[in-house]
There are 2 protein chains.
Amino acid sequence: MSRKPFRRASDAERRADLIDAMLDCIAEGGIQNATVREVAERAGVSGGLIRHYFATKEQLLHAAYRHTMVAMTEISAEAGMADGKSAQAKFAGFVSACLMPPMIDARRLSLWAAFIAMARIDPAMGAIHRESYLEYRGLIERLLAGAYEEAGRSVAPVVVRRLAIEVNAVLDGLWLEGSLAGDLFEGQELLKAGLHSVGSITGLRLDHIEG
Amino acid sequence: MSRKPFRRASDAERRADLIDAMLDCIAEGGIQNATVREVAERAGVSGGLIRHYFATKEQLLHAAYRHTMVAMTEISAEAGMADGKSAQAKFAGFVSACLMPPMIDARRLSLWAAFIAMARIDPAMGAIHRESYLEYRGLIERLLAGAYEEAGRSVAPVVVRRLAIEVNAVLDGLWLEGSLAGDLFEGQELLKAGLHSVGSITGLRLDHIEG
DNA sequence: TCGCTAGTTATACACTTGCATAATAAGCTC
DNA sequence: GAGCTTATTATGCAAGTGTATAACTAGCGA
C-alpha cells in the first residue's frame with residue numbers, strides 16, 4: 001500500500017507538462033481520446049492533479065489551444081524578422097517558413113483541425129481563434145507593407161489588407177495540403193507553388209531573392 | 001408499458017436520416033457529442049437501431065464523412081458545368097461558387113475540420129480524405145486545362161497540375177477564412193479576393209467575364 | 001385474415017467518463 | 001531537524017458510453 005513517490009514541480013513546469021500531454025492525446029487519438037486519465041498518464045501524474053492546475057478539463061484544452069497557436073505564430077514571425085535582410089527577402093523568408101517543417105507537420109495539422117472544429121461550438125475557443133487569426137494576418141500585413149515601401153511602390157492600406165487576406169489564404173491552403181499529404185509533393189514543389197502564387201498575388205518577385 | 005409506435009422506413013431513407021443526425025451532432029456539439037444516444041434521438045429513433053444499419057458507430061461516422069465530401073464536390077462541380085458558357089466562364093463560375101453560400105458555411109467548416117482532424121488517426125478516414133481531395137483537384141485541373149485551351153495558350157500538363165494545386169490551396173484558404181469569420185469580410189470582398197488571386201496564379205482574367 | 005419476416009424498441013451490462021473528496025508526503029522555513 | 005504548507009496521490013461516485021440481446025410490432029404476401 002505504498003503510494004507512488006513524486007516530485008513537486010513548479011507551477012509553470014507542471015502546466016507545460018499537462019499542456020504537452022493534452023496535445024499528445026489530441027494529436028494521437030483525437031479529442032475523444034483526450035480524457036483526464038489519459039492526459040494524466042502521459043504527463044506521468046495522477047488524474048486528480050489536473051484539477052489542481054486547471055479548474056476543469058475544458059480550461060486545460062483552452063490553454064493547449066492558445067499554446068499551439070502562439071507557437072505557430074512565433075515560428076513564422078521569427079522567419080520574417082531575420083536581421084540584415086531586405087524587406088522583400090524577409091517576406092520571402094516568412095512565406096518559405098510557412099511551407100516547410102516545422103510548420104508543415106501532420107501533427108500540427110491534426111491539432112489545428114481539432115481546435116478549429118470547436119471554434120464555433122465553444123465561445124472561448126472561438127475567441128482564441130479570432131485572436132490568433134488577427135495577429136497572424138496583421139503580421140502578414142506589416143511584412144507586406146514593408147516590402148512595398150522598399151520596392152518604392154505605394155499601395156493603399158486597404159489594398160494591403162486585402163492582399164494580406166489573400167496571402168494568408170494561399171498560405172493556409174498550401175500549409176494544409178502539404179501537412180495533410182506531404183508525400184504528394186516532391187522536393188520543393190510546395191515551396192515553389194507558395195512563392196509563385198504569393199508572388200502573383202502581391203506583384204512582388206519572391207524567387208531569386210538573396211539576403 | 002406501451003412501446004413507442006414506429007414506422008418502418010426504407011434502407012436508404014433511414015441511412016440518410018442517421019447520417020444527417022450524426023452530422024447535426026458533430027456540427028453542433030463536436031465529435032464528443034456524437035454519441036449513439038444523441039444521434040438516435042435526433043433521428044427520432046431508438047438507440048439500438050443504429051446497429052441495424054451500421055455495424056458500429058465508427059462506420060456511421062465514415063458514411064457521414066463521405067456524404068459530406070461528396071456533397072461539397074457536387075456543389076462546386078455543378079457550378080463548373082453550366083452549359084452555354086465559355087470554358088473561362090465555367091472556371092470563373094467554379095471559383096465563385098467555392099466562395100459563396102452554400103459552400104461558405106460555418107456548419108460545413110465545423111464538420112470538415114472535425115473530419116480532417118481524424119484523417120491521420122483513423123486510416124479509413126484518411127482514405128476518404130485522400131479520395132475526395134484527389135477528385136477535387138482533378139476537377140480543378142480539367143477546368144483549368146479547358147480554359148487554357150480555349151484561350152489558345154498551350155500549358156504543359158505538369159504545369160497545369162501545379163497550378164491546380166495552387167488554385168486549390170487559395171480556394172481552400174479563402175473558403176476557410178470566409179466560413180470561419182464571414183463577418184470580417186464585407187460584401188463581395190471574399191469573391192473579389194478569390195477571382196484576383198486565382199487570376200494572378202493562372203494568368204487568366206476571371207473578372208469581367210460574361211456568359 | 002393470418003402468418004412471417006425483419007425493422008424497431010427496450011433493457012441490460014461492462015466499462016469509461018469528469019469531478020469531488022480525503023489521505024499523504026515533499027520540501028520549504030525557521 | 002521540526003513543523004507547516006500544499007502539491008500530489010488514491011479512492012469513490014454518479015452519470016454517460018458503446019454494444020449485445022431479447023422482446024415486440026408494422027406491414028407485406030398469401
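Lettering of chains follows the sequences in order, A, B, ..., and the numbering in each one begins at 1. These figures come from a predicted structure and were not determined experimentally.
Looking at B:Trp112 and B:Trp175, their side chains come closer than 4.5 Å, going by heavy atoms from C-beta outward. The shortest distance between side-chain heavy atoms of B:Ile116 and B:Met125 does not fall below 4.5 Å.
Among D:dT19, C:dT8, D:dG27, the nucleotide with an atom closest to any side-chain atom of B:Arg3 is C:dT8. Nearest to the side chain of B:His52, among C:dT9, C:dG18, C:dT8, sits C:dT8. Ranking D:dT6, C:dC19, D:dG27 by closeness to the A:Arg51 side chain, first place goes to C:dC19. Nearest to the side-chain atoms of B:Arg8 among the listed nucleotides D:dG18, C:dG7, D:dA7 stands C:dG7.
Taking atom CZ on A:Phe6 and atom P on D:dT5, their separation rounds to 17 Å, with Å as the unit. Atom CG of B:Leu60 is separated from atom P of D:dG18 by 11 Å (rounded to the nearest Å). In this structure, B:Phe54 places its CZ atom 16 Å from C1' of D:dG18, rounding to the nearest Å. Taking atom CD of B:Glu38 as the reference point, atom P of D:dA15 lies 18 Å away to the nearest angstrom. With rounding to whole Å, A:Glu58 atom CD is found 17 Å from C:dT17 atom P. Summarising the geometry, the separation between CD1 on B:Ile31 and C1' on D:dT17 is reported as 15 Å, rounded to the nearest angstrom. In this structure, the CG atom of B:Asp11 is 15 Å from the C1' atom of C:dT5, given to the nearest Å. The CG-C1' distance, from B:Asn33 to C:dT17, rounds to 14 Å in whole Å.
Between A:Glu13 and A:Arg8 there is no salt bridge, since no side-chain nitrogen of the basic residue lies less than 4.0 Å from a carboxylate oxygen of the acidic one. With salt bridges taken as basic N to acidic carboxylate O contacts below 4.0 Å, one links A:Glu28 and A:Arg42.
Between B:Thr35 and the phosphate of D:dG16, there is no side-chain N or O to OP1/OP2 separation shorter than 4.0 Å. Listed pair B:Tyr53 / C:dT8 meets the phosphate criterion, a side-chain N or O lying under 4.0 Å from OP1 or OP2.
B:Arg37 comes within 4.0 angstrom of a base, heavy atoms only. Residue A:Val36 is classed as a sugar-phosphate contact, given heavy-atom separations below 4.0 Å to backbone atoms only.
For A:Tyr136 and A:Ser76, the side-chain atoms include at least one donor-acceptor pair closer than 3.5 Å.
Between B:Ala34 and B:Pro5, the residue whose closest nucleotide on DNA chain D is further toward the 5' end is B:Ala34. Across the interface with DNA chain C, nearest-nucleotide mapping of B:Gly47 and A:Gly47 shows B:Gly47 to be the residue nearer the 5′ end.
Taking only distance into account, the side chain of B:Arg7 never meets the base of D:dA26 through a donor-acceptor pair shorter than 3.5 Å.
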